[in-house]
Amino acid sequence: MMNADVQTQPPPAATPAWLMLRTLVVIAVISGLLVVVAYQTTLPLIADKQRILTERLVFQVLPGAATKRDFVVTAERHLEPASAGVVGDPVYAAYDAAGRLVGLAITGTGAGYAGPVRVMFAYDPGCRCITGSKVLKSNETPGFGDKLDTDPAFLENFKALDASLNAEGTALANAIVTVKHGTKTDPWQIDAITGATVSSRAMGRAANQAAQRAIPAIQRELATLSQPN
């Protein structure tokens with residue numbers, strides 16, 4: 001009987017845990033840097049796209065506008081030029097080609113049936129009234145909620161919606177409210193859409209919020225706003 005020598009290979013050496021950890025750290029750092037670079041690269045593009053979209057919406061609710069200036073109503077209800085670090089509700093002053101103030105675009109939000117309804121409104125400081133509207137964000141039921149932007153009778157509410165101030169100039173003389181369809185009696189009321197009362201009320205809340213926050217500051221600074229530069 002012959003005996004054969006069996007040669008066995010030694011098992012491969014295990015990779016040290018510290019080396020694996022170092023590799024993972026390097027991968028994580030590189031991935032993080034790539035994310036930061038991508039964010040910094042796309043941020044100006046996103047901001048520019050948002051600026052163009054906002055300008056288009058402002059010119060849509062304020063026909064005749066050719067240029068605009070951006071302002072912010074701060075928590076202290078002061079109107080400040082929009083700039084880095086200034087926080088508040090946006091106000092857009094729009095001017096025609098000759099530099100005359102066409103009107104101002106203000107925004108507000110109201111609770112709807114399926115979530116918040118955010119709206120941009122046109123404000124005319126001459127008549128002290130809201131003269132147009134455009135829904136910016138809505139999750140309302142299709143076929144009902146979209147009527148906020150398309151129903152001719154409902155849009156008539158925003159041709160001359162009263163937004164005059166009280167004697168002190170600190171708030172609206174009459175809060176803007178939505179009433180049941182066919183029961184509107186005052187110029188600060190919004191006649192609701194039949195079958196879409198909740199969505200209509202959201203528009204009323206948005207209009208009232210926008211007006212209460214922005215219009216007192218607008219009227220105080222009207223002389224400044226009337227200057228295009």
Side-chain angles (χ1 to χ4, degrees), residues 47-48 50-110 116-137 155 157-177 186-190 202-229:
D48 193 54
Q50 182 60 47
R51 179 190 61 78
I52 293 172
L53 176 60
T54 300
E55 185 175 83
R56 185 180 301 127
L57 290 168
V58 170
F59 292 175
Q60 182 177 342
V61 297
L62 291 164
T67 62
K68 71 176 179 68
R69 294 172 64 198
D70 298 352
F71 295 87
V72 169
V73 178
T74 66
E76 295 77 24
R77 304 297 176 91
H78 297 148
L79 192 67
E80 303 285 348
S83 61
V86 180
V87 179
D89 299 310
V91 172
Y92 308 101
Y95 306 86
D96 64 16
R100 292 183 293 264
L101 182 65
V102 173
L104 300 108
I106 58 179
T107 59
T109 303
V117 177
R118 183 165 177 78
V119 190
M120 178 179 287
F121 298 97
Y123 173 68
D124 183 343
C127 70
R128 301 197 176 195
C129 62
I130 288 172
T131 58
S133 66
K134 175 62 181 176
V135 175
L136 304 179
K137 178 183 178 182
L155 293 177
N157 288 295
F158 304 99
K159 295 292 181 65
L161 182 64
D162 181 64
S164 54
L165 298 179
N166 58 20
E168 296 76 22
T170 57
L172 296 182
N174 299 283
I176 296 171
V177 294
D186 295 300
W188 55 83
Q189 295 175 338
I190 296 173
M203 284 286 284
R205 295 188 188 101
N208 188 66
Q209 182 196 76
Q212 297 280 19
R213 290 181 178 180
I215 291 177
I218 289 171
Q219 288 294 339
R220 284 197 304 270
E221 302 295 335
L222 194 53
T224 301
L225 290 168
S226 297
Q227 303 298 321
N229 293 306

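All residue numbers in this chain count up from 1 along the given sequence.
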Atom pair CG (Leu57) and OG1 (Thr107), whose distance is rounded to the nearest 0.5 Å
11.0 Å
Minimum heavy-atom distance Val119-Met203, with the two atoms named:
CG2-SD, 3.4 Å
With no hydrogens and no angle check, is any side-chain donor or acceptor of Glu80 less than 3.5 Å from a backbone partner on Val72?
no
Closest non-hydrogen contact found for Asp70 with Lys68 is OD1-NZ, 2.6 Å
Check whether any side-chain heavy atom of Leu225 lies under 4.5 Å from a side-chain heavy atom of Leu79, and answer yes or no.
yes
Measuring only between side-chain heavy atoms, which start at C-beta, is Phe121 closer than 4.5 Å to Lys134?
no
Is the closest side-chain heavy-atom distance between Trp188 and Leu172 below 4.5 Å?
no
Side chain to side chain contact (heavy atoms under 4.5 Å, CB included) between Ile215 and Leu165, worked out:
CA-CA 8 Å; Ile215 291 177; Leu165 298 179; 3.7 Å; yes
Looking at side-chain heavy atoms only, is the closest gap between Phe71 and Glu221 below 4.5 Å?
no
Please give me the minimum heavy-atom distance between Ala105 and Val58, naming the atom from each residue.
CB-CG2, 4.1 Å
With rounding to the nearest 0.5 angstrom, report the OG1 to CD distance, Thr170 to Gln219.
12.5 Å
Smallest heavy-atom separation, Pro125 atom then Leu101 atom, equals CG-CD2, 4.2 Å
Which atom of Met120 lies closest to which atom of Leu136, heavy atoms considered
N-CG, 3.9 Å
Nearest 0.5 Å, what's the CD-CG distance between Gln212 and Asp89?
12.5 Å
Rounded at 0.5 Å granularity, tell me how far CG in Leu104 sits from CD1 in Ile218.
4.5 Å
Distance check, rounded to the nearest 0.5 Å: Arg205 atom CZ versus Asn208 atom CG?
10.5 Å
For Ser133 and Val61, the nearest pair of non-hydrogen atoms, with its separation, is C-CG1, 4.1 Å
Arg77 vs Arg220 side-chain heavy atoms within contact, under 4.5 Å
yes
Could you measure the distance from the OG1 atom of Thr131 to the CG atom of Leu161? Nearest 0.5 Å is fine.
10.0 Å
